[in-house]
Amino acid sequence: MNSDVLNKPYIVEDGYPFIIVPLLLALAAGYFINAYAAVLPVLLALYFMYFFRNPRRRPPTDDSLLVSPADGTVVGIEEVDEDTYLNQKCRKVIIFLSIFDAHVNRAPLPGTIDFQQYTCGRFRPAYKDGVGYENERYSIGIHSTRTDILVNIIAGVLARRIVSWVTLGDELQHGQLYGMIKFGSCAEIYVRDNVEITVKKGDKVRGGESVIGRIVS
C-alpha cells in the first residue's frame with residue numbers, strides 16, 4: 001500500500017484547486033475592486049477547506065467490529081440480494097452524506113481488496129430510493145479472514161467525481177482512507193449474515209470510528 005494513502009494531509013490534495021482558485025479571485029477582487037468584493041470568494045475557499053478535510057480518527061482495536069465507511073446519517077437498513085460480489089441475500093446499511101460531512105471514505109474492516117468496479121450512471125439526489133442501482137458509483141469488495149463485505153460509494157445530484165486511492169490486491173487497515181466523493185453522496189455497505197448490525201435508522205456515524213456492525217461467527 002502506498003504510504004501516501006496512509007498519511008493524507010488534514011486537507012486532502014484533491015481540494016487544493018478548489019481552494020486556490022477562490023483565494024486568487026479574492027486577491028484580485030480586493031486589489032481591483034475593494035475588500036468587500038473579496039468576502040464571497042474567501043468564504044467559498046473556507047468552505048472548500050472544510051469540505052475536503054480529513055479528520056483524524058481512531059478505529060477500534062477489535063477487528064471483529066465494522067466501522068462506518070463514511071461520515072453521515074444512517075437512512076436505511078435493508079435485506080437485499082447482492083449479486084455483484086457477495087452473491088447472496090445480505091443486509092445493507094445506507095449512509096447519506098450531506099455537503100457538510102467529511103467526504104473521505106474509510107475501510108470498515110481490515111482486509112484485501114479483491115473486487116473493484118466503477119459503474120457509470122445517473123446523478124439523482126443521493127437520498128432518493130434506488131440511487132444505489134441507478135446512479136454512478138464506485139464499489140470495492142473487501143475480503144478478510146472472517147467475512148467479506150461490499151462497499152458502494154454513490155454519486156449524487158452535486159457529486160460528479162469519485163476518487164480512489166487504492167486498487168485490486170491492496171491491503172486495507174481498519175478505518176484506513178481509500179477514496180472520496182465530491183459534493184454530497186451516499187455510501188452503502190453490504191454484509192453477510194455473520195455480521196450483526198449495531199446501528200439504526202437516524203443514527204449519526206463517523207467514518208473510520210463509529211461501530212456499525214459486529215462479526216458474530
Side-chain angles (χ1 to χ4, degrees), residues 63-70 72-97 103 105-157 159-172 174-181 184-201 203 205 207-208 210-217:
D63 287 350
S64 70
L65 301 178
L66 274 66
V67 295
S68 175
T73 304
V74 176
V75 295
I77 300 171
E78 305 172 357
E79 285 199 4
V80 296
D81 290 311
E82 201 293 304
D83 58 4
T84 60
Y85 174 65
L86 299 177
N87 295 306
Q88 66 175 76
K89 185 177 289 293
C90 56
R91 278 165 293 176
K92 174 177 70 171
V93 179
I94 309 167
I95 300 166
F96 173 70
L97 291 73
H103 272 55
N105 303 124
R106 302 172 187 272
L109 80 169
T112 305
I113 299 176
D114 64 353
F115 174 82
Q116 187 178 41
Q117 183 179 73
Y118 180 82
T119 306
C120 294
R122 301 172 62 185
F123 295 97
R124 295 179 60 208
Y127 55 83
K128 295 285 188 181
D129 290 340
V131 295
Y133 303 101
E134 299 179 19
N135 278 25
E136 192 157 316
R137 61 193 182 276
Y138 169 64
S139 307
I140 62 170
I142 303 175
H143 169 71
S144 76
T145 56
R146 301 182 65 183
T147 195
D148 300 305
I149 64 169
L150 176 72
V151 186
N152 287 342
I153 304 302
I154 303 164
V157 65
R160 298 292 171 131
R161 173 129 188 254
I162 298 171
V163 179
S164 174
W165 302 314
V166 295
T167 190
L168 280 174
D170 281 349
E171 296 283 340
L172 295 179
H174 213 173
Q176 178 186 323
L177 295 175
Y178 71 85
M180 74 174 300
I181 185 167
S185 57
C186 178
E188 298 177 337
I189 176 169
Y190 295 78
V191 300
R192 296 187 186 277
D193 57 8
N194 67 337
V195 174
E196 175 190 0
I197 302 300
T198 58
V199 289
K200 62 183 183 301
K201 186 175 180 180
D203 284 353
V205 291
S210 297
V211 175
I212 63 171
R214 179 190 303 273
I215 302 172
V216 295
S217 63

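In this text, all values refer to a predicted model and were calculated from it rather than measured experimentally. The first residue of the sequence shown is numbered 1, and numbering continues consecutively from there.
Looking only at distances, a side-chain donor or acceptor of Ser68 sits under 3.5 Å from a matching main-chain atom of Ala70. Using modelled atom types, one side-chain atom of Ser144 and one backbone atom of Arg146 make a donor-acceptor pair closer than 3.5 Å. No side-chain donor-acceptor contact under 3.5 Å links Glu171 to the backbone of Pro110. Between the Ser64 side chain and the Ile215 main chain, no donor and acceptor come within less than 3.5 Å of each other. Asn105 contributes no side-chain N or O that, together with a main-chain N or O of Gly207, makes up a donor-acceptor pair within less than 3.5 Å.
Of all heavy-atom pairs between Gly213 and Thr198, the closest is N-OG1, 3.2 Å. Between Pro69 and Ile95, the shortest heavy-atom contact is CD-CD1, 3.8 Å. Of all the heavy atoms in Ile77 and Val199, the pair that sits closest is CD1-O, 3.2 Å. Taking all atoms of both residues into account, the shortest heavy-atom contact from Leu65 to His174 is O-NE2, 2.8 Å. Nearest heavy-atom pair, Val67 versus Ala107, reported as atom, atom and distance to 0.1 Å: CG2-O, 3.6 Å. Minimum heavy-atom separation, Cys186 to Ile94: SG-CG2, 3.4 Å.
With Tyr178 as reference, Val151 is the one residue of Val151, Asp170, Ile113, Val163 to meet the side chain to side chain contact (heavy atoms under 4.5 Å, CB included) rule. The side chain to side chain contact (heavy atoms under 4.5 Å, CB included) test with Asp148 is passed by exactly one of Leu109, Leu86, Val191: Leu86.
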Original post:
Would Val74 and Lys200 satisfy side chain to side chain contact (heavy atoms under 4.5 Å, CB included), going step by step from the backbone distance to the final call?
Top reply: CA-CA 7 Å; Val74 176; Lys200 62 183 183 301; over 6 Å; no
Subject >> Check against side chain to side chain donor-acceptor pair (under 3.5 Å), Glu82 and Thr84 >> reply: CA-CA 6 Å; Glu82 201 293 304; Thr84 60; 2.3 Å; yes
**OP:** Show your reasoning for whether side chain to side chain contact (heavy atoms under 4.5 Å, CB included) applies to Leu66 and Val211.
**Re:** CA-CA 6 Å; Leu66 274 66; Val211 175; over 6 Å; no
**OP:** Evaluate the side chain to side chain contact (heavy atoms under 4.5 Å, CB included) criterion for residues Val80 and Tyr190: first the C-alpha distance (whole Å), next the side-chain angles of each, then the deciding distance (0.1 Å), finally the verdict.
**Re:** CA-CA 9 Å; Val80 296; Tyr190 295 78; 3.6 Å; yes
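Listed by chain and residue number, Phe115 satisfy the ring-ring contact (aromatic ring centres under 6.0 Å, His included) test with Tyr85 (two or more places apart in sequence, or in another chain). Annotation: salt bridge (Lys or Arg N to Asp or Glu O under 4.0 Å) contacts of Lys201 (sequence neighbours excluded): none.
Contact of the Leu150 side chain with the Ser139 side chain is registered, since non-hydrogen atoms from C-beta on lie closer than 4.5 Å.
With values rounded to the nearest 0.5 angstrom, Asn152 atom CG is found 8.5 Å from Gln117 atom CD.
We find that Glu79 and Arg91 are not joined by a salt bridge, their nearest charged nitrogen and carboxylate oxygen being 4.0 Å or further apart.
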